[in-house]
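Residues: numbered from 1 along the sequence shown.
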Amino acid sequence: MCVAAPGLVKSLKDNIAKIDYNGNIVEANAGIVSVKPGDHVLVHAGLIIQKISENEAKEMEELFRELEELGNG
């Protein structure tokens, strides 16, 4: 199963965004969604697929933390 991950756009150049995932910076293609630094986004397979609100991003991050804890428990 593949899951889109929430992240924060840190910078953007030529449709390549630097995305912050809790301190890990990864590049993603922004070719199908118009984004700017400071936007919260969902990324799947290296492609930004959707902008989301800050609250949605925080909720998803918390759910992922809870799932990780269950897996480690």
Side-chain angles (χ1 to χ4, degrees):
M1 177 175 81
C2 296
V3 176
L8 177 68
V9 177
K10 298 302 277 182
S11 64
L12 180 67
K13 182 179 181 186
D14 299 328
N15 279 338
I16 301 298
K18 294 206 181 211
I19 308 295
D20 183 346
Y21 299 103
N22 295 317
N24 296 314
I25 307 297
V26 177
E27 290 185 346
N29 189 306
I32 64 170
V33 179
S34 178
V35 298
K36 63 185 181 314
D39 285 344
H40 292 270
V41 295
L42 286 179
V43 179
H44 175 69
L47 180 67
I48 296 171
I49 59 171
Q50 180 179 345
K51 286 198 290 188
I52 59 176
S53 71
E54 182 176 1
N55 286 339
E56 288 173 307
K58 287 180 181 179
E59 287 175 6
M60 291 181 77
E61 290 166 359
E62 180 60 29
L63 286 171
F64 285 137
R65 275 191 288 279
E66 290 175 13
L67 287 171
E68 184 177 358
E69 288 174 12
L70 287 173
N72 292 332

Show me the donor-acceptor pairs, under 3.5 Å and distance only, between side chains in residues 32-48 and residues at least two apart or in other chains.
residue: Lys36; atom: NZ; partner: Asp39; partner atom: OD1; Å: 3.1
residue: Asp39; atom: OD2; partner: Lys36; partner atom: N; Å: 2.8

Does some side-chain heavy atom of Glu62 sit less than 4.5 Å from a side-chain heavy atom of Glu59?
no
By side chain to side chain donor-acceptor pair (under 3.5 Å), Lys58 pairs with (sequence neighbours left out) Glu54
Can you give each donor-acceptor pair under 3.5 Å made by side-chain atoms of residues 19-31, sequence neighbours left out, with the distance rounded to 0.1 Å?
residue: Asp20; atom: OD1; partner: Asn22; partner atom: N; Å: 3.2
residue: Asp20; atom: OD1; partner: Gly23; partner atom: N; Å: 2.6
residue: Asn29; atom: OD1; partner: Gly31; partner atom: N; Å: 2.6

Sorted by chain and number, sequence neighbours left out, salt bridge (charged side-chain N to carboxylate O under 4.0 Å, His left out) with Glu66 holds for none
side-chain contact (heavy atoms from CB on, under 4.5 Å) filter on Glu56, not counting sequence neighbours, yields Ile52, Ser53
**Q.** Heavy-atom neighbours of Lys18 NZ exceed 12 at 6.0 Å
**A.** no
